[in-house]
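Hydrogens, waters and symmetry mates are skipped; everything else that's a heavy atom, side chains included, is used. Treat the numbers as computed from the prediction; the structure is a model and nothing was measured.
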Amino acid sequence: MARVGLTPERLIQAGAELADEVGFEQVTVSALARRFDVKVASLYSHLRNSQDLKTGIALLALEELADRAADALAGRAGKDALTAFANVYRDYAREHPGRYAAARLRLDPETAAASAGVRHAQMTRAILRGYDLSEPDQTHAVRMLGSVFHGYVSLELSGGFSHSEPDSEETWSRILDALDALLRNWPAR
């Protein structure tokens with residue numbers, strides 16, 4: 001019999017909280033069972049395995065990020081939209097480092113296609129329409145933005161910019177200025 005109050009949603013939410021506390025890689029069904037003070041076997045009526053739990057956390061993180069990004073982008077265009085979008089990712093990563101790591105989990109194609117990851121790509125492309133990029137340059141730009149945002153945030157979270165001047169906040173602002181300039185003056189083929 002399933003323990004009263006335990007649902008897949010509650011377990012995934014608790015797993016996401018655990019990921020933020022101890023790191024996404026440390027999240028397991030066993031660790032979650034300890035958190036609820038239950039036997040591991042009692043969680044298997046709600047989750048198949050640790051990978052199922054991690055996939056659930058990844059989907060939750062993608063959904064949370066997409067919701068925040070949609071709110072931040074409402075009524076914005078151009079550099080204002082680009083900056084708002086970038087700041088959503090950076091702020092989310094700072095607030096929820098474990099969930100942010102989960103959002104990078106490789107999903108199988110069917111799960112990925114049904115996830116909020118699709119909304120992320122659509123929002124990125126909507127921002128790029130303001131820069132008048134057509135294919136295949138739009139796809140190149142989507143990949144570039146994702147690489148820059150993720151790379152900077154990952155290095156910043158690991159302390160990579162904490163030992164030198166200027167302040168990483170100033171660098172972030174300059175990077176967004178540079179990205180805006182590049183997108184407005186995308187190189188011809």
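- Taking each heavy atom of R35 and L18 in turn, the nearest pair found is NH1-CD1, 3.2 Å.
- Judged by distance alone, with hydrogens and angles left aside, the side-chain atoms of S42 form a donor-acceptor pair with the main-chain N or O of K39 at under 3.5 Å.
- A side-chain N or O of Y131 and one of D180 form a donor-acceptor pair less than 3.5 Å apart.
- Taking the six-membered ring for Trp and thresholds of 30 and 60 degrees, Y89 and F85 have ring planes more than 60 degrees apart, a perpendicular arrangement.
- Looking at D20, its side chain never comes within 3.5 Å of a backbone N or O of E95 through a donor-acceptor pair.
- The backbone N or O of A86 lies less than 3.5 Å from no partner atom in the side chain of R90, so there is not a single donor-acceptor pair.
- Using modelled atom types, no side-chain atom of E63 and backbone atom of A116 make a donor-acceptor pair closer than 3.5 Å.
- Taking the charged nitrogens against the carboxylate oxygens, D67 and R119 do have a contact shorter than 4.0 Å, which makes a salt bridge.
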* Worked check of side-chain contact (heavy atoms from CB on, under 4.5 Å) between L82 and L145 -> CA-CA 9 Å; L82 176 68; L145 291 176; 3.9 Å; yes
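- In this model, no donor atom of one side chain and acceptor atom of the other lie less than 3.5 Å apart for D52 and T55.
- At a threshold of 4.5 Å between side-chain heavy atoms, the hydrophobic network of Ile, Leu, Val, Met, Phe, Trp and Tyr places F149 and F161 in one connected group.
- Remark: aromatic rings of Y152 and W172 are close, center separation under 6.0 Å.
- Aromatic rings of H150 and Y100 (six-membered ring for Trp) have centroids within the 6.0 Å cut-off, being under it.
- Grouping the Ile, Leu, Val, Met, Phe, Trp and Tyr side chains by contacts below 4.5 angstrom, directly or via other members, places F36 with I57.
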* To do: Take R94 and E169 through the salt bridge (Lys or Arg N to Asp or Glu O under 4.0 Å) test and state the conclusion after the steps.
  => CA-CA 13 Å; R94 288 170 155 179; E169 197 65 45; 3.7 Å; yes
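- The two atoms that bring L128 and V142 nearest to each other are CD1-CG2, 3.6 Å, heavy atoms only.
- With rounding to the nearest 0.5 Å, the separation of CG in L155 from OG in S162 is 11.0 Å.
- A donor-acceptor contact shorter than 3.5 Å is absent between the side chain of H46 and the backbone of L11.
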